[in-house]
Amino acid sequence: MSMQERIRSVEERIAAACERSGRQREDVHIIAVTKYVSLDTAREAYNSGLSNLGENRWQDAQEKWHALSGGEQAPDEEKPVWHFIGSLQTNKVKDVIGKFTYIHSLDRLSLAEAIHKRAAQLGLIVPCFIQVNVSGEESKHGLQPEELPAFLDKLADYPGVKPIGLMTMAPYEAEPEETRPVFRALRQLRDEVKASSPHAEHLIHLSMGMSNDFEVAIEEGATWIRLGTTLVGKEEE
Ligand SMILES: *Cc1c(COP(=O)(O)O)cnc(C)c1O
């Protein structure tokens, strides 16, 4: 399938999921995850209208970032908006902050402190998603749900970090419907914390749903879906 055909097919599926759940299409944003594809394919995705690109390791992202966003000549509106979606080592913060607009994997205070310090040097405030391990799988990063309120309170000490939402990954399920409780739980957690925490004013977004399960995630309230394989493809090395 060509990029255009894949985009069209994903758009139809998003529209149907919005229709089923009474949501507006414009409330669901797509991150094209380019970690499995070459620079040329990432460029094609961007040129096909996928303006938000996601990567989960700086080592793998840097060639694409420099090629698509490194030049000074083009205005920012003509460059991708980058999302860092993988687990972020503290010593990589200096590389990533200032290049990636959004961080989806804030999962510890030491990382918040590092982001805050780097943001202060650059005069930035960094919109971040707090990663929550809703499913309880040991292999997944993220806070336990019950840790979230205290974590938000402590984040107030790091004003360079702006918590704008929650992020989770569901376990891979052969039957995507089985991911629904994970996504529903993340939405409920956001609603509860937003109602009760003085520091959750901007906690609006839900970053959830990947190639296998994005339709269920949309039905449960996802505002950012992260699509690699089904949207931009997966290339062999
Ligand atoms: C790789 C990755 C994705 C995209 O995965 P696909 O299943 O190919 O859509 C989404 N989110 C995160 C955090 C990832 O690491």
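Since the structure is predicted, the reported quantities are computational estimates derived from the model, not experimental observations. In listed order, ligands and their atoms are each counted from 1. Numbers here simply count residues along the sequence, with the first being 1.
- Counting heavy atoms closer than 4.0 Å to ligand 1, residue Lys234 contributes nothing at all.
- Annotation: Met167 places no N or O atom under 3.5 Å from an N or O atom of ligand 1; distance criterion only.
- Interface atoms of ligand 1 facing Ser211, defined by a heavy-atom separation under 4.0 Å, are 6 (P), 7 (O), 8 (O), 9 (O).
- Between Phe100 and Phe84, the ring-plane angle classifies as perpendicular under the 30° and 60° cut-offs.
- Within ligand 1, counting atoms from 1 as listed, the ones closer than 4.0 Å to a heavy atom of Arg226 are 4 (C), 9 (O), 10 (C), 11 (N), 12 (C), 13 (C).
- Using a 30° and 60° split on the angle between ring planes, Trp224 and Tyr102 fall in the tilted class, from 30° to 60°.
- Atom CD1 of Ile97 and atom CD of Gln121 lie 11.0 Å apart (nearest 0.5 Å).
- For atom 8 (O) of ligand 1, the closest non-hydrogen atom of the protein is Thr229 OG1, 2.5 Å.
- What sits closest to atom 15 (O) of ligand 1 on the protein, heavy atoms only, is Lys35 NZ, 2.6 Å.
- Residue contacts with ligand 1 do not include Phe214, since none of its heavy atoms lies under 4.0 Å from the ligand.
- For the residue pair Asn133/His141, the side-chain donor-acceptor check at 3.5 Å is not satisfied.
- Using a 4.0 Å heavy-atom cutoff, Ile85 is listed among the residues neighbouring ligand 1.
- Of the protein's non-hydrogen atoms, Met210 CE, 3.6 Å is the one closest to atom 5 (O) of ligand 1.
- Judged by the 6.0 Å and 45° rule, Lys92 forms no cation-pi pair with Trp58.
- With ligand atoms numbered from 1 in the order given, ligand 1 contributes 15 (O) to contacts under 4.0 Å with heavy atoms of Asn56.
- Heavy-atom proximity to Leu227, at under 4.0 Å, picks out these atoms of ligand 1: 9 (O).
- Checked by atom type, the side-chain pair Glu235/Thr41 shows a donor-acceptor distance below 3.5 Å.
- At distances below 3.5 Å, not a single donor-acceptor pair connects side-chain atoms of Ser197 with backbone N or O atoms of Val193.
- Rounding to the nearest 0.5 Å places CE of Met208 at 6.0 Å from CG of Leu186.
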